[in-house]
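Before any comments, here is the structure.
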Amino acid sequence: MDQQPGVACQRRFCVLIATSLKRQKGEAAVKYVIVITGASSGFGALTARRLAEAGHTVYATMRETGGRNAKQVEAARKFAAEKTVDLRTAELDVSSQESADRAVQQVLGAAGRLDIIIHNAGHMVFGPAEAFTPEQLAELYDVNVLSTQRVNRAALPQLRKQKRGLVVWVSSSSAAGGTPPYLAPYFAAKAGMDAMAVVYARELTRWGIETSIIVPGAFTGGTNHFAHAGSPADKVRAAEYEAGPYKGFADDVLKGFSSIVPPDADVLAVAEAIVKVVDTPFGKRPFRVHVDPTQDGAEVVNMVCDRVRAELLRRIGLNDVLTPRVLESKSLSAA
């Protein structure tokens, strides 16, 4: 089937998930070896735990496993022991190609294969765009976009060798939906990541590798996105905005966000959406899944954009790249 959006809105979160995911650990039809980046907290940590509970071997990667994230490593170890699941941790600094290469080799040395990459690492900043330095924007682009290239270059040779795999990208509804002010650098970076995911998808299908893009909306609780958001380095420019016509505007934006997020919005829905995609048989996985409690319009825009892109590929005779090829897989977990 073509990997295009055609996902009907179900309930508030616009995803095909949730109630069908009440499975006990070890029930996965196929046990995959999975690497997820940025798994020290938030979406990453939740997803790693849910995938492990679903019966997969999961490497929750993060930087500074022996330093500031040592507590997260221990928490993952305790979770694995208490739940009797295969959740492991590995050092992976997405800002370093050497670190990405080393992490993938560690996984291959221990597990003998790698089936799924989940690009989750990211960082948010908040404030007037003018007050951020170009260097800050470059750093944000590095974390949210270039990181995926480093991990892909480390991991895709193995997936191509196995002739089967899945790449999951955790995008953002901001790439296509409503975009409130004071988040411009973050929105630009996530849009860049989404664009990479779309084109990468078409360059991997002939290798037997499929792509799914998860599109979370605004969740103001349950993650550290806003709590750990970066601020402008140019404090003078930021102060000028606060002293001028945009006085109190930051609070207005945050209050506005909070006002449209349903009280029952649960970030676990993102983790469950990823589990659902992973456990869907090869060739039937959706190209996009929206998990948007605010319904900011991204699902509608993405549906149109992705269909237009697919139509162009058909017009120029490249329609075969819309569907992942079924090749003779060398992966032990091939379905």
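The analysis underlying the following values was restricted to heavy atoms, covering all of them including side chains, and did not include hydrogens, waters or symmetry mates.
- Side-chain polar atoms of D279 and H56 form a donor-acceptor pair below 3.5 angstrom.
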Item to check | Worked check of salt bridge (Lys or Arg N to Asp or Glu O under 4.0 Å) between D194 and R288 | outcome: CA-CA 11 Å; D194 195 281; R288 284 191 194 270; 2.8 Å; yes
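- Applying the side chain to side chain donor-acceptor pair (under 3.5 Å) criterion to T89, with sequence neighbours excluded, gives no partner residue.
- Other residues, nucleotides and ligands contribute only 12 or fewer heavy atoms inside 6.0 Å of the CD atom of E139.
- T148 meets the side chain to side chain donor-acceptor pair (under 3.5 Å) test with no other residue; sequence neighbours excluded.
- Evaluation of the side chain to side chain contact (heavy atoms under 4.5 Å, CB included) rule for A154 yields Q97, A100, D101, V104 as partners, not counting sequence neighbours.
- In this structure, T37 has no side chain to side chain donor-acceptor pair (under 3.5 Å) partners at least two apart in sequence or on a different chain.
- Residue pairs meeting the ring-ring contact (aromatic ring centres under 6.0 Å, His included) criterion with at least one member in residues 154-178, sequence neighbours excluded: H119-W169, W169-Y200.
- Y241 and E130 share a donor-acceptor pair across their side chains, judged by distance under 3.5 Å alone.
- Legend: residues meeting side chain to side chain donor-acceptor pair (under 3.5 Å) with N144, ordered by chain and number and at least two apart, are absent.
- Counting heavy atoms of neighbouring residues, nucleotides and ligands inside a 6.0 Å radius, atom OH of Y246 does not exceed 12 of them.
- There is a side-chain donor-acceptor pair under 3.5 Å between D86 and T57.
- Within a 6.0 Å radius of NZ in K247, other residues, nucleotides and ligands contribute 12 heavy atoms or fewer.
- Residues T294 and D296 bring no donor and acceptor atom of their side chains to less than 3.5 Å of each other.
- Not one N or O on the side chain of D115 forms a donor-acceptor pair closer than 3.5 Å with the backbone of G165.
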Checklist entry - Where do S99 and D93 land on the side-chain hydrogen bond (donor to acceptor under 3.5 Å, both in side chains) test, with the steps shown first? => result CA-CA 6 Å; S99 179; D93 181 351; 5.7 Å; no
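- Using modelled atom types, one side-chain atom of N69 and one backbone atom of R63 make a donor-acceptor pair closer than 3.5 Å.
- Between D320 and R202 there is no salt bridge, since none of the side-chain N atoms of the basic residue sits less than 4.0 Å from a carboxylate O of the acidic one.
- One N or O on the side chain of Q162 and one on the backbone of L114 form a donor-acceptor pair closer than 3.5 Å.
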